[in-house]
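Right, one structure below, let's go through it.
Labels below follow one simple rule: chain letters A, B, ... track the order of the sequence lines, proteins then strands, and each chain is numbered from 1.
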Amino acid sequence: MTTKEPVTEPFVERQHGLDLLREMLRIRRFEEKAVELYSIGKIRGFLHVYIGEEACAVGAMRALTPEDNIVATYREHGQALARGIPMGSLMAEMFGKANGCSHGHGGSMHFFDKPRRFFGGYAIVGGGLPIAVGLALADKLQKRRALTACFFGDGAVAEGEFHESLNLAALWELPVLFLCENNLYAMGTALERHQSQTDISLKAQAYGIASEAADGMDAIAVESAAQRAAGTVRQTGRPFLLELRTYRFRAHSTADPDLYRTKDEIERWKKRDPITMFEARLREMRLLADADLTSLEARIGAEINEAVALAEAGSWEPIEALSKDVYTT
Amino acid sequence: MTTKEPVTEPFVERQHGLDLLREMLRIRRFEEKAVELYSIGKIRGFLHVYIGEEACAVGAMRALTPEDNIVATYREHGQALARGIPMGSLMAEMFGKANGCSHGHGGSMHFFDKPRRFFGGYAIVGGGLPIAVGLALADKLQKRRALTACFFGDGAVAEGEFHESLNLAALWELPVLFLCENNLYAMGTALERHQSQTDISLKAQAYGIASEAADGMDAIAVESAAQRAAGTVRQTGRPFLLELRTYRFRAHSTADPDLYRTKDEIERWKKRDPITMFEARLREMRLLADADLTSLEARIGAEINEAVALAEAGSWEPIEALSKDVYTT
Amino acid sequence: MQAKKMTYREAIRSALRLALKSDPRVFLMGEDVGRYGGAFAVSLGLLEEFGPERIRDTPLSESTFVGAGIGAALGGMRPIVEIMTVNFSLLALDQILNNAATLRHMSGGQYSVPLVVRMATGGGRQLAAQHSHSLEGWYAHIPGIKVLAPATVEDARAMLLAALEEPDPVFIFEHATLYPLEGEIDETAGPVDISKAAVRKPGSAVTLITYGGSLPKTLQAAQELLKEGIDPEVVDLRTLRPLDAATILSSVKKTHRAVVIDEAWRTGSFAAEISAQIMEGAFDDLDAPVARVCSAEVPMPYAKHLEEAALPRVETIVSAVKRMF
Amino acid sequence: MQAKKMTYREAIRSALRLALKSDPRVFLMGEDVGRYGGAFAVSLGLLEEFGPERIRDTPLSESTFVGAGIGAALGGMRPIVEIMTVNFSLLALDQILNNAATLRHMSGGQYSVPLVVRMATGGGRQLAAQHSHSLEGWYAHIPGIKVLAPATVEDARAMLLAALEEPDPVFIFEHATLYPLEGEIDETAGPVDISKAAVRKPGSAVTLITYGGSLPKTLQAAQELLKEGIDPEVVDLRTLRPLDAATILSSVKKTHRAVVIDEAWRTGSFAAEISAQIMEGAFDDLDAPVARVCSAEVPMPYAKHLEEAALPRVETIVSAVKRMF
Ligand SMILES: Cc1ncc(C[n+]2csc(CCOP(=O)(O)OP(=O)(O)O)c2C)c(N)n1
Ligand SMILES: Cc1ncc(C[n+]2csc(CCOP(=O)(O)OP(=O)(O)O)c2C)c(N)n1
Ligand SMILES: [Mg+2]
Ligand SMILES: [Mg+2]
C-alpha cells in the first residue's frame, strides 16, 4: 500500500528509546568529528555527512538481522555505525590507514565489512541497486532466509537502474528491501526539479511492488515502518519500497557551497531535528533525565576519542601492497 | 487516463477506409517481398518484419503532420512506408545500394529520411527514446509547433532509458508521443517474463503522464486513439504514452527459429489479422468490392515491382566513399 | 581422449552443461538464453535440462542483470551472464568497470567477484553501425577483470571451464562468425591454462599476432604467404588480459618482424598495445616497424562491399606482411 | 589583446558565456549546472544570467540527457552537455558510441550531430576507485567524434569555442586538477585550430608527449631534466582525435627519443597508440624504444600515499627519461 502521510506510532519503553537515541547520537557526534578532522586534513577526498538523517539508518537497521545483507551509498557513515561496524575501523578508513574497514582503499565513500554483511558504500548513484538484486537472488537460490536492504537517495530514483532493479526484483520475487532516503535534494537539484512525479513510494505500483512512506525524522516511525516492510519481505519473499522522508542539514559534501536552498528552509527542517525531537519526546515521557544524556554523551565522546586514537595509531599500507588486491590470485 | 480495454470506435467513410487498407497492404506485400528477397540473398543482415502489426504504424501515422518528428526502431519498414518514404528508396536501402534512403549504410534497421523528418531506425533497444526527448526539446526551445512520435516495443520498457526518458519528457513538459508497440514478446521473452507489471500504459502514472491503451490490430481504433493522444500532446505540450496491443505473426527476425510460442497462439492471433479483419468490416459495410481489392493489389504489386527494379538498378557506393560521411567536414 | 566433432557453439554449450552439472552454484542468465535458446543458439536445450531457476531469461536491462550477476557472485553463487552482444554491453559498462573490477581492491580484499560474462563480438555479418563493434580491447584496459577471446572450438570449451575456476570476474568474447566453426575436440578435457598465448603455426619470417575472429583469416593469410616463400609464425593471444607478453616477445625475437591483426578500429585498438609492448620488449630485435591490420575508422556500413572494405581481410594481411620485406 | 588573469574554470565559463550570448541555439544542460553552479563551479552564475531555459539542471539520467543532447542537435539546437565526471559517462556511452558517433554515417550523410559534451576527468584528489578514471583514450577510439583535452587556461576557453564551430560531436575532457589553474589570457580571442598539437617547450634531447592533466607534471619534469643537462621537447597533444601525428613525428625525428605520459592505466592506454604511431612513422629515427609513463594497473586507492604511488609523477617521468640515456 502507499500512504502519503507518515503513519504515527505508539511510543516506546525506556531502554528501546535510549538505544535509538544513543545510536543517533553516535552518528551525529562521529560525523561532527569527521568534519572537524576533514578541515585539518586528516580526512581527504569526498566527505558526505548524514547529519539530520540519522533516524533513517538507526530506525531501519533495527528491522534487520545479522543474516541480512546491506548495500549502501557514499553517504553511509550512519548505516555503517548503525550496523555495528566499530567506529575505529571506520575512522581509520577515513584516515586511509591499513586498519580501516577497507584497508584505506575505500575512504569515506566505500566502507565494507564482511562479517557484518555490509557489502559496501557505492558512489555511482544507482549503482548499488543491481548489486542488491543479485545478493537477494543468491539468497533465494541458496534458500538462505535473509533479505537485502538497499539504501539509496531520491536522486537515484531518476537513474535507469532504479527502474530496471525494481522490475527485476519484483519479476523474480526477490527479497529486497529498497530503502529510499528522500532528503528532497540530489546535490543541488530539488526533488521537484528531478522528478516529474514527486511521490516516490507511488512509483512502486509501476512494478507491482508494495510500498510505504515514513517520516524519516522520527526514529520510531522509521523503525516500525521498516519492521512492517521487512516483515512483508520475509513473509512474501518479494521486494518492498520504503520511502523515508528526511532532510540533510549540512551541505551535500565538503565541496558544496550550498547555494541552492534558503537558510530558512534549512532552519525550518532543523526544528525537526531527529535527535532533539526524540530527546524532547523521551523527556516528556520521563524516559530521559539530564544524567542519562550526560553519561550517554560521555560514553560516545570516549568512543570517538578511542576511534580517533586507533586511526592515528594505524599504519599505512606498504606501497608494495598497491597491487595486492586487484586480483584474488 | 488508462483504459485496460481498447475503446471501440465508430466506423469510417469509404475513402478513409480504403486508404487505411491500402497502407496496411503496402506494408504487408512489401515485407512479404523482402522476406523472399532475403531468402535469395538480395537482402542481408537482420530483417525484422512487421507482419501482423501494420495497423499500428498506419493508424498512428495519420495523427501526425509533416512537421512532426519520427523516431523508430529496427522494425521500422511499416513506419517508413506509412510516413510516405518511397518504397524504392527503402528497397534500395535493403539491397545496400547508393540510391537507398541511407545510401546503403543502414540497411533494414536504419532507415533515415530527412525531408520526412524520419530520424531513423534505432537498433539498440530503448536507444531512440532519449533522441525523441531531445528532438522535442529542440522544438520547444525553437517554438516549433510539432510533436515527436517515438516508436518502441514492449521489450524497451524494461530498459532504464524508458524510465529516464518518460521522467525527463514529463518533467520538462516536452511534446513527445511515446508509442509502445506491445506485441507481447521481446524476441523470445514473453511480456509476463520481462515485466513485473504487464499493463504498460499504467506505468505512465509513475511519471504523471497521461496514457491510453488501444487495440493494435484495429487501424481505426489505433487512429482515433492516436488522434486523441496527439491532440493532448499538441494542446498541453506534454508527453503522452499510447500503448498499442498487437502481435507479430512472423518470427522476431530471419534468424529466429520461433521456439518460444505455440502454433496455436499464433493461429489465434492470425484470426485477428488487422488486414483481413479490416477488409471484412469494409465488405460488411459495403465499402469494399472485389474489384477494389483487385485493383488495390494490382497497384501495390506494380509499386513493389518498380521498387525492386529501382533497387536492382541502383549502383553501389564507391569504396573510396567508405569514410566519406564519418565527419561532416 | 574421446575425440568428438562439434561446433564452436556446441563446445561452449558442452562447457556450460558440465559446469551446471558439476557445480550447484553455477547458473546462466541473460536475454533469451532460455526459451529462445540463446540468440546464437549457444544455450539451446539448457532450459529444458536444468530448469528456469538455473537458466534465467532476463528482461532487456543490461546494467541490472550484469550488476545482479556481480551481486549474486558476492552472495556465494557462480553466475554466468550472457550479454547478447558486445554492442549492448556498453549499457552495463558502469557495473563492469566501477563495480565488478573494483570491488575486491576497494573492499581491501574482503570480497571477490567470481563472475563469468560471455558475449558475442565483431562484425562481418552486415549488421551495420550499431551491431558490429569489436570492443574487447577496451575491456582489456580494465584492471581487476580478465579478458578471454577463444578462437578455436577447443578453446571455446576449455577456456570457459578455466574461466569458471577463476575467483575474479572473467569476460569472454566470442566472435559471432566463429559459432558455426567445426572442430574435433576431447569432450572429457578439462580447463586450459589461460595465462598462455598459443603459437597456431610455427614459422620464421614474421610473427602474425591476432586473436578471436581474426585467427582464421590470419591462418589463411599465412598459407598464402607460404606460397610466396614467406613463412610466418602465427600467435593467437587467447587472453587479452593478463597478456602473455613472453610468448609474443620470444616469437618476435626469433622472426624480427611482427604484424598485429585486430578487427577493432585502428586508433586506440588493442593492436596498438601489442605494438607498444613489442617496442618496449624487443626493440633491438626488430628489422622493421611492427605493422597493424585493423578495421577502417568508420561506423560499420551495411552494404557488403563496404563492410568488406572496412574489415581486415586475407589480402590486406598478406600485403601488410609483404610491405615489410 | 585584452590580457586578463583567470582560472581554467573561469576560462571555460568565459567561452560558455560568449557562446550563449552569440548563438541562440546554444544551451547548457547537465547535473547541477544551474542552481548548484556546477560541481566544479564552471557554470556558476550562468543560470542567473541566461535563465532556466538555457541553463538546464537535469535529473541523474546520464544516458537520457546525453541522448537528449544528440536529439536536440538533430533538431537544430547547439547543445552543450556537461557530464559531471568521466566516471559517470559510462552510463551514457551507448548513446555516444551507437548514436552520436554513427548517425551521420548511418544516415548516409543526411544528419549531423553538432553536439559538445564536456566532462571532468582524472584522479589525484583521493576520490578512490569509482571517481578517478582517465578514460579519454577510450573516446579517442571512436570514429565519428572528436576528442579534446585542453591543458592550459587559454586552451580551456579557445578549444571550447572551436568545438562549438564543429558540425560533429566533440567531447572535451577537463582534468579536475586543472580547474584552479591560473593564467593570463586574451578574453577577446576567438577559437584556436584544434587540429594541431602544441610544442609547449622546445628541446632537443627527447620528446615528452602528453596532454591534459599530465602537462603540468611533464613541464616540471622537463625543468628537472634541464638541470641534469637533458633538454626535452614537450608536446601537448591537445586533441586526441583526430590526432596530429605530424607534430609528434617531426619532434621525434629531431630528438630520436620519446616518452609518452598518460594518466590512464598502462595496458590499452592512449599512450600505446602514440607509441605505435611513432613506431610506424619514425622507426628508423629512434635511438631508443618509446617509453610510457602511465598509471599503475589498479583501481585507484583512497589513501594519499597509495594514490600517489599509482599516478604518474614528476620523479617517475624524470627517471623514465634518464633510463633512455
Ligand atoms: C551516476 C552518477 N551521476 C552523478 C554523480 C554525482 N553525484 C554524487 S551524489 C549526487 C546526488 C545524489 O543524490 P541522492 O541520490 O538524492 O543522494 P543524497 O546525496 O541526497 O543522499 C550526484 C549527482 C554520481 N556519483 N553518480
Ligand atoms: C540494448 C539491447 N539489448 C538487446 C538487443 C537484442 N534485441 C534486439 S530486438 C530485441 C527484442 C526487443 O523487443 P521489443 O522491444 O518488444 O521489440 P519487438 O522486436 O518486439 O518489436 C532484443 C533483445 C538490442 N538490440 N539492444
Ligand atoms: Mg537526496
Ligand atoms: Mg515486442
Side-chain angles (χ1 to χ4, degrees), chain A residues 41 43-46 74 93-98 100 102-110 121-127 153-162 185-191 193-196 252-253 255-261 316-326, chain D residues 30-41 43-45 47-48 52 56-65 67 84-85 87-92 94-95 123-133 176 179 265 295-311:
Chain A
I43 298 174
R44 286 273 125 237
F46 280 151
Y74 48 87
E93 184 57 33
M94 295 200 286
F95 274 54
K97 297 293 183 79
S102 308
H103 299 194
H105 289 186
S108 163
M109 300 197 289
H110 304 297
Y122 291 79
I124 304 295
V125 172
D154 51 291
V157 172
E159 291 284 1
E161 286 178 325
F162 168 85
Y185 287 88
M187 263 178 86
T189 305
L191 181 64
R193 281 194 296 268
H194 71 72
Q195 290 297 319
S196 58
H252 168 74
S253 76
D256 173 11
D258 211 340
L259 307 168
Y260 44 81
R261 38 181 205 177
W316 303 108
E317 277 241 302
I319 282 174
E320 305 62 53
L322 177 60
S323 10
K324 186 169 101 266
D325 289 319
V326 182
Chain D
E31 289 157 9
D32 292 303
V33 296
R35 279 128 193 116
Y36 188 102
F40 298 93
S43 51
L44 198 66
L47 173 66
E48 294 65 24
R56 311 183 71 92
D57 282 321
T58 65
L60 278 106
S61 304
E62 285 77 6
S63 194
T64 288
F65 67 73
M84 201 176 280
T85 77
N87 311 288
F88 319 137
S89 73
L90 295 173
L91 292 164
D94 165 63
Q95 285 293 333
R125 301 182 303 139
Q126 284 190 257
L127 299 185
Q130 297 185 330
H131 278 60
S132 306
H133 302 307
Y179 289 120
W265 294 304
S295 284
E297 309 217 9
V298 302
M300 194 60 73
Y302 160 72
K304 192 174 201 323
H305 67 297
L306 295 177
E307 182 179 44
E308 277 173 357
L311 292 168

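Residue contact with chain D, scored on non-hydrogen atoms closer than 4.5 Å, is absent for Asp258(A). In this structure, no portion of Leu191(A) lies under 4.5 Å from any heavy atom of chain D. Proximity to chain D (any heavy atom under 4.5 Å) is restricted, for Met109(A), to the side chain, taken from C-beta onward. Only the side chain of Ala296(D) comes within less than 4.5 Å of a heavy atom in chain A; its backbone stays farther off. Neither the backbone nor the side chain of Ser63(D) comes within less than 4.5 Å of any heavy atom of chain A.
A heavy-atom distance below 4.5 Å is found between the side chains of Glu62(D) and Glu159(A). Contact annotation: the side chain of His305(D) approaches that of Ile319(A) to within less than 4.5 Å [non-hydrogen atoms, C-beta and beyond]. The shortest side-chain heavy-atom distance between Gln130(D) and Tyr122(A) falls under the 4.5 Å cut-off. With contacts defined as side-chain heavy-atom distances shorter than 4.5 Å, the pair Glu297(D)/Val326(A) does not qualify.
Ala158(A) and Ser61(D) make their closest contact through O-OG, 3.1 Å (heavy atoms, listed as atom of the first residue, atom of the second, distance). Annotation for Ala303(D) and Gly96(A): closest pair CB-O, 3.5 Å, computed over non-hydrogen atoms. The shortest heavy-atom contact between Leu322(A) and Pro301(D) is CD1-CG, 3.7 Å.
Separating the CG atom in Leu47(D) from the CG atom in Leu259(A) is a distance of 11.0 Å, to the nearest 0.5 Å.
Among residues two or more places apart in sequence or in another chain, the side-chain contact (heavy atoms from CB on, under 4.5 Å) test is passed with Asp94(D) by Ile124(B), Glu161(B), Leu90(C), Leu91(C), Asn98(D).
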Taking it one step at a time, do Glu31(D) and Thr189(A) satisfy side-chain contact (heavy atoms from CB on, under 4.5 Å)? CA-CA 8 Å; Glu31(D) 289 157 9; Thr189(A) 305; over 6 Å; no

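In terms of heavy-atom pairs under 4.5 angstrom with chain D, the leader among Tyr74(A), Phe95(A), Tyr260(A) is Tyr260(A). For the set Val298(D), Leu60(D), Asp57(D), Leu306(D), the count of heavy-atom pairs under 4.5 angstrom toward chain A peaks at Leu60(D). In terms of heavy-atom pairs under 4.5 angstrom with chain D, the leader among Gly127(A), Gly155(A), Gly188(A) is Gly188(A). Between chain A and the options Arg35(D), Gln126(D), Glu307(D), heavy-atom pairs under 4.5 Å are most frequent for Arg35(D).
Counted within 6.0 Å of NZ on Lys324(A), heavy atoms from surrounding residues, nucleotides or ligands total more than 12; the atom is thus considered enclosed.
Using a 30° and 60° split on the angle between ring planes, His131(D) and Phe46(A) fall in the perpendicular class, above 60°.
A donor-acceptor pair under 3.5 Å links the side-chain atoms of Tyr302(D) to the main chain of Arg44(A), judged by distance alone.
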